[in-house]
There are 2 protein chains.
Amino acid sequence: MTKRRTDGLSKELIVKAAKELLDDGGETALTFRALTTHLTTGYGAIYHHVANKSDLLAAATDDVIASVMTGVVVDAEPREALRTVALGLFDAIDAHPWVGAQLSREPWRPALLAVYERIGGLLDALGVPERALFDAAGALVNYVLGVAGQNAANARVLTLGEADRSAFLAKVAAQWADLDPERYPFVHKASAQLREHDDRDQFLAGVDIFLAGIATLR
Amino acid sequence: MTKRRTDGLSKELIVKAAKELLDDGGETALTFRALTTHLTTGYGAIYHHVANKSDLLAAATDDVIASVMTGVVVDAEPREALRTVALGLFDAIDAHPWVGAQLSREPWRPALLAVYERIGGLLDALGVPERALFDAAGALVNYVLGVAGQNAANARVLTLGEADRSAFLAKVAAQWADLDPERYPFVHKASAQLREHDDRDQFLAGVDIFLAGIATLR
DNA sequence: ACCTGAACACCGTTCAAGT
DNA sequence: ACCTGAACACCGTTCAAGT
C-alpha cells in the first residue's frame, strides 16, 4: 500500500544492505524484517533475488573475502606475501566478525576457493614439494580461518557486553591466575601473557611457526 | 495438567537430553519444545536449571570436551601424546559436529581451558622454550579447533542432504577440476587429491607440520 | 524449591494478489 | 518480471499459578 520502489532491486543491493546490518548490529541484526525496512520493500521482493537467509549470508561472505583477495598486494616474495594475505584475512574477519562463523560452513563456495588458490599458489612459489602442497595448504588455510574465527568470536563478545578489550582480557587473565597451579600449571603460568598479548602478533607468530614447519618439508 | 515428574530434574539430565537431540538431529533439533517433550516437563522447569539456550549449548560442549580430555591416555612421549590428544579432539568433534561451532564462541569456558592446559603442558614437556610456549600453544589449539570445526561443517552437510562422503567429494573435486587452469592453477591441480584425501590423515599431516615448525623454535 | 503451560514477542518463509 | 504484505508455522523466553 505504501509507495513502490521505482529503482529496481538487485542481489547486489540486497547483499550490500545485509552487510550494513551485520556490521552494525552483528549476526542477530540480519532479519528479513530489518531488510525490508532498510530497502523499503517487501519479503517477496527479497526472495525473488536470494534463495533464503543462508544464501544471503554466503553471498555477503563471498563479497568480503573477494575484496580481501583482490585488494591485497602480492608482488612481494612468497614468504612475505603469505604473511600479508594471512593478515589481510585476519583483519577483514576482525572488521566483519560475522564472516568468521560463515567461512567454515560451505567450503566449496567462491570465498574459500579463492583463499585456497592464493595460499596454495604462494606455497608452490615458496618451493613446497608437490606431494606436500595439498596438505600444507589445507593446514595453513585452516589455521588462518581458525584463529580468525576465534578472534571474531572474541570481538563479538566485546561489542556485546564488555567495556573494552584490556578490561576483558584482565578479567579472564585473573581467572586463569586464580586456578590451582598444581592442576593447571600451564594456564596458570600463561595468565600474564594472556593479559598482555596482542592478537595480531600472536596470529603472525603462528603463521611463522607454520612456515618454519613447511620449510622442513623441502 | 498431565502428570508431574516424580524424580527430580537436574542440569545433568537436561544436558544429557540436549546432547541426544543434538547428536540425532543436529543443531536445529535442539529446541526447548523438543526438550520439554523429551523430558516430559515444562519450560520453566528447564529454565530453573539452565540460564538459557546458549548456556545449555556451552554445558553440553564442556561435557564432550571434558570426556575427551580425561579419556585420552597420555603416558606416551610428548610428541606422540600431542598427536593423540589432537586426534581425540578431531574424532570427538567429528562424532558431535555441533561442538565445532560452539568451541569458538566462549574461549574462557572450562572446555577450552582444559584443551589449552593439556596442549600447553605437552609442548612444555616437548622442550619448547618458555618465551615461545604461549604463542605455540595458541597456534596449535587454534589449528586443531579450526580443522575440526571445518570438518564438522562438512559432516553436517553430509548428514543433511548428500548421499555419501565419496560422492560428495567427487562432486566438489569435479567442480575444482572444471575451473580454468589459467586462473586457478593450484585448485585445478589439487582436485585429484581432494577427491582421494582422508580428512583424518590430512589433519595429522598438519599437526606434524606444526610440530616441525615448533621444533625450530628450540 | 521446584514445576506447569498459556502467552508474548519475535523469527524465516510462503503465496495470492497486485503492477 | 517484479513487487507487496497478510498469514503460517515455527522459535526462545517469561511468569502467574500451582505443588
Side-chain angles (χ1 to χ4, degrees), chain A residues 1-61 98 101-102 105-106 156-157 160-161, chain B residues 1-61 98 101-102 105-106 156-157 160-161:
Chain A
M1 233 1 77
T2 42
K3 58 175 82 72
R4 200 183 166 78
R5 291 182 63 86
T6 48
D7 54 335
L9 201 55
S10 68
K11 183 155 185 178
E12 284 83 52
L13 277 176
I14 296 170
V15 170
K16 187 165 170 283
K19 281 166 66 182
E20 285 166 12
L21 288 171
L22 287 162
D23 286 341
D24 286 356
E27 284 181 52
T28 55
L30 179 63
T31 67
F32 277 80
R33 264 146 257 257
L35 268 180
T36 55
T37 310
H38 213 74
L39 294 164
T40 44
T41 184
Y43 302 112
I46 295 173
Y47 277 98
H48 196 267
H49 294 278
V50 299
N52 49 41
K53 188 173 181 175
S54 167
D55 177 40
L56 180 54
L57 268 165
T61 302
W98 49 274
Q102 271 302 303
R105 283 220 198 299
E106 308 189 346
R156 245 176 281 142
V157 173
L160 253 66
Chain B
M1 236 359 80
T2 42
K3 57 176 81 75
R4 200 182 166 78
R5 292 182 65 85
T6 48
D7 54 334
L9 201 56
S10 67
K11 184 152 183 178
E12 284 80 54
L13 276 176
I14 297 171
V15 169
K16 186 165 171 285
K19 280 166 68 181
E20 285 166 14
L21 287 171
L22 287 162
D23 285 343
D24 286 356
E27 284 182 49
T28 54
L30 178 63
T31 68
F32 277 80
R33 263 146 258 256
L35 267 181
T36 56
T37 310
H38 214 73
L39 295 164
T40 43
T41 183
Y43 302 112
I46 295 172
Y47 276 99
H48 196 268
H49 293 279
V50 299
N52 49 42
K53 188 173 181 176
S54 168
D55 177 39
L56 180 55
L57 268 166
T61 302
W98 48 273
Q102 272 301 307
R105 283 223 198 297
E106 310 189 343
R156 245 176 279 143
V157 173
L160 253 66

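The structure displayed is predicted, hence computed values, not measured ones. Residue numbers start from 1 in every chain, and the chains themselves are labelled A, B, ... in the order their sequence lines are given, proteins ahead of strands.
Base pairing annotation: D/dC2 forms a Watson-Crick or G-U wobble pair with C/dG18, both donor-acceptor distances under 3.5 Å.
If you check C/dG12, C/dC3, D/dT13 against the side chain of B/L9, the one that comes closest is C/dC3. With distances taken from any side-chain atom of B/K53 to the nucleotides C/dA6, D/dG12, C/dG12, the minimum falls on D/dG12. Of all nucleotides listed (C/dT13, D/dT13, D/dC11), D/dC11 comes nearest to the side chain of B/T31. When the nucleotides C/dT4, C/dT13, D/dT14 are ranked by their closest atom to the side chain of B/T41, C/dT4 comes out on top. If you check C/dC2, D/dT14, D/dC2 against the side chain of B/H48, the one that comes closest is C/dC2. Considering only side-chain atoms of A/R33, the nucleotide from D/dG12, C/dT14, C/dG12 that sits closest is C/dG12.
Contact annotation: the side chain of A/T31 never approaches that of A/L21 to less than 4.5 Å [non-hydrogen atoms, C-beta and beyond]. Contact check for A/L30 versus A/W98: no side-chain heavy atoms found under the 4.5 Å cut-off.
Between B/Y47 and D/dT13 there is a side-chain polar atom (N or O) within less than 4.0 angstrom of OP1 or OP2. For A/H49, a side-chain nitrogen or oxygen approaches OP1 or OP2 of D/dC3 to under 4.0 Å.
The nearest heavy atom of DNA chain C to A/T28 and to A/A45 marks one nucleotide each, and the one closer to the 5' end goes with A/T28.
Among the heavy atoms of the strands, none lies under 4.0 Å from A/L35.
As rounded to whole Å, 13 Å separates atom P of C/dT14 from atom CD1 of A/I46.
Of the possible donor and acceptor atoms, none in the side chain of A/T40 sits under 3.5 Å from a partner among the backbone N and O of A/T37.
In this structure, A/K11 places its NZ atom where more than 12 heavy-atom neighbours from other residues, nucleotides or ligands lie under 6.0 Å away.
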